[in-house]
Amino acid sequence: MSNYSTAYNIPKGYSGLRTAVRSYRFLKDPINFICNNMQLYGGSYSAKLPQYPNFILTQDAAFINYVLRDNHTNYHKSPLSSGRAAQYLGKGMLFINGDEWLKQRRLAQPGFHREKIQGLYHTVVKAIDEYLATMPVGLVDMYPLLYRLAFNVIIKSLFDINLSPETMQLLSGNFSEIQDFVMKDVNQPFRRPFYAITGAERKTMKKSEEIRTIFSGIIQSRKAALAAGESFNDLLDMLMQATYEDTGLPMPEEQLIYELLVLMFAGHETTANVLSWMLYLLSVNPAVLKNLTNCVQQTDVLSCPRNEYLNAAINETMRLYPAAWITDREALTDDGFGEYRYPKGTIIIPFFYGTHRDKAVWPDADTYNPSRFLDENGKAQKFKNYFPFGAGPRLCIGNNFAMAEMAFFLHAFLNHFTIQPTGQVPKMKPLLTLRPDKVMLQVARKG
Ligand code: HEM
């Protein structure tokens, strides 16, 4: 273990060779690998990678707040993940920085305000009900089922039209392939030359182009329908009607397609992950399951997003299994936090999973206890050490939408189905998001 001190004061950590030796262990089990290092180094540590000589991982909430919120103008999304993802998914707001990002965020933000999102509630509830009406029961792996459900919901919310099953299949299949490729590429950048030779890059780009072509077709039909006097209530309509503050013009079509790709990307797997983990947690915590079932039986579906207990149960799931388990930023100038000083170009990796399970902060950190998110009057408690949707100006734009969608799902699911555990504990699969490997449950329809 080396402590390479420089003129800067970078957290202790690994030198290049040690990082290389450890990268195998990282690839095998990234979360436990990082957690062990956090314990060893006290909450922040550094690693040297060939392409990123200064690399700091931290689960220190104050440090994370500094980077994401207090001094956010000095930090950009790093090329580590965004660069490659943008190559295939385009320059939507998730992957861009600076003025370009601000312009897009300002344009889309009003459409995601809670009141505006309420306009989509009926669409979301309907999509969930339709899906659950035909959902298989018995001994099932809930993850692929909930993935498809969340995919249907985001597509219906983006496009208030019926897409053929073939189109849905193509969108979802292509999307998964792009995501898997980007993840492999981010984790194993040394394999890049092979991707070019084997044609994997070209194949992935083709998948992306197919999705863009479908989106372009939808936009053309939409323009024609609007010209014929039809009206729509979906996220595409919101994005098409919005105009830039400075020019008063709407988004160019290419950018519109990028934003649709980003919303589709950011808006379904995250939700599917949280709901899958949650059903598992409920299956092994019968007292919470009972409370929550009683709660949804007594609550009208559209009031669910305001129900404190329901939200606490979702929040507690995202504490234990944050869908965004990690993110990344690059320092634009020399900077520092606390005792640390680091140079321009340093990559900071907020490790939300570690922050959310820090035993020094959370009593019984590994226990599923929704009540910790409620005060003695049953009102929501907020925590500075809790980042399910990130922090600062780049906080998840879809957070209200996601919370409402998950509440609607729980209302429908717990009113119509029962679940029993099977003794199988889902393995964590930390890709771009924190997926459960399999969520095997005994599911039955209520009589
Ligand atoms: C449980 C579900 C969700 C979770 C846990 C989640 C989490 C996050 C997090 C942590 C970020 C910030 C990443 C960073 O700072 O690097 C983020 C950004 C974003 N999310 Fe979500 N998200 C969820 C659902 C959604 C949904 C449903 C949508 C859209 C309908 C969405 C759209 C976005 C977009 C566009 C960004 C980029 C915002 C920006 O950079 O300005 N997310 N999300």
Side-chain angles (χ1 to χ4, degrees), residues 64-65 67-69 72 75-78 80-82 85-86 89-109 111-113 116-117 120 123-124 127 146-147 149-159 234-236 238-239 258-278 305 311 314-315 317-330 347-353 355-356 386-410 432-435:
I64 293 175
N65 272 316
V67 170
L68 298 185
R69 198 185 59 197
H72 68 90
Y75 292 88
H76 273 179
K77 286 271 175 103
S78 90
L80 187 67
S81 59
S82 311
L89 295 171
K91 296 181 184 166
M93 88 183 96
L94 185 63
F95 305 123
I96 54 180
N97 283 307
D99 290 345
E100 258 187 327
W101 163 77
L102 189 60
K103 199 171 159 190
Q104 288 309 115
R105 177 86 192 204
R106 282 202 176 134
L107 185 88
Q109 186 74 55
F112 281 92
H113 278 158
K116 224 25 215 229
I117 286 299
L120 293 174
T123 307
V124 175
L146 292 176
Y147 184 92
L149 166 77
F151 189 75
N152 285 2
V153 169
I154 193 69
I155 291 290
K156 285 275 173 202
S157 308
L158 285 171
F159 311 120
D234 57 17
L235 291 170
L236 173 61
M238 178 277 281
L239 291 175
Y258 292 154
E259 296 304 348
L260 291 171
L261 274 163
V262 152
L263 293 178
M264 188 165 111
F265 171 69
H268 72 285
E269 183 171 314
T270 40
T271 322
N273 293 355
V274 176
L275 289 176
S276 304
W277 285 115
M278 186 158 177
N311 286 333
I314 299 171
N315 279 325
T317 305
M318 294 193 291
R319 182 184 69 78
L320 287 172
Y321 297 104
W325 59 287
I326 210 164
T327 190
D328 58 343
R329 293 293 191 270
E330 179 179 9
I347 307 282
I348 313 276
I349 305 283
F351 178 51
F352 299 132
Y353 178 94
T355 317
H356 288 186
Y386 181 60
F387 302 98
F389 294 110
R394 298 200 75 147
L395 186 87
C396 174
I397 201 169
N399 64 348
N400 290 324
F401 180 94
M403 288 301 286
E405 176 185 350
M406 292 190 283
F408 295 149
F409 167 80
L410 290 165
L432 288 179
T433 62
L434 183 54
R435 275 190 215 173

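Indexing begins at 1, ligand by ligand and atom by atom, following the structure's order.
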(message) For ligand 1, give me the residues whose heavy-atom distance to it is below 4.0 Å, by chain and number please.
(response)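 Contacting ligand 1 under 4.0 Å are Lys77, Met93, Leu94, Trp101, Arg105, Phe112, Ile154, Val262, Leu263, Ala266, Gly267, Thr270, Thr271, Val274, Ala323, Ala324, Thr327, Arg329, Pro388, Phe389, Gly390, Arg394, Cys396, Ile397, Gly398, Phe401, Ala402, Met406.
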(message) Under 3.5 Å, is there a donor on one side chain and an acceptor on the other for Tyr386 and His356?
(response)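 No pair is found: no donor N or O on one side chain lies under 3.5 Å from an acceptor on the other.
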(message) Which heavy atom of Phe352 sits nearest to which heavy atom of Ile326, and what is that distance?
(response)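 The answer is CD1-N, 4.0 Å.
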(request) Kindly say whether Lys156 contributes a backbone atom to a donor-acceptor pair with the side chain of Asp234 at under 3.5 angstrom? (result)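 Pair absent, no side-chain N/O of Asp234 close to backbone of Lys156.
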(request) Drop me the distance from Lys91's NZ to Gln104's CD, to the nearest 0.5 angstrom. (result)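 Output value for this atom pair is 11.5 Å.
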(message) With a 4.5 Å cut-off on side-chain heavy atoms, are Ile117 and Phe112 touching?
(response)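 Side chain of Phe112 against side chain of Ile117, heavy atoms only: contact under 4.5 Å found.
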Donor-acceptor list for residues 387-395 side chains, cut-off 3.5 Å, not counting sequence neighbours:
unit_1	atom_1	unit_2	atom_2	d
Arg394	NH1	Ile96	O	2.8
Arg394	NH1	Asn97	OD1	3.1
Arg394	NH2	Met93	O	2.6
Arg394	NH2	Ile96	O	2.9

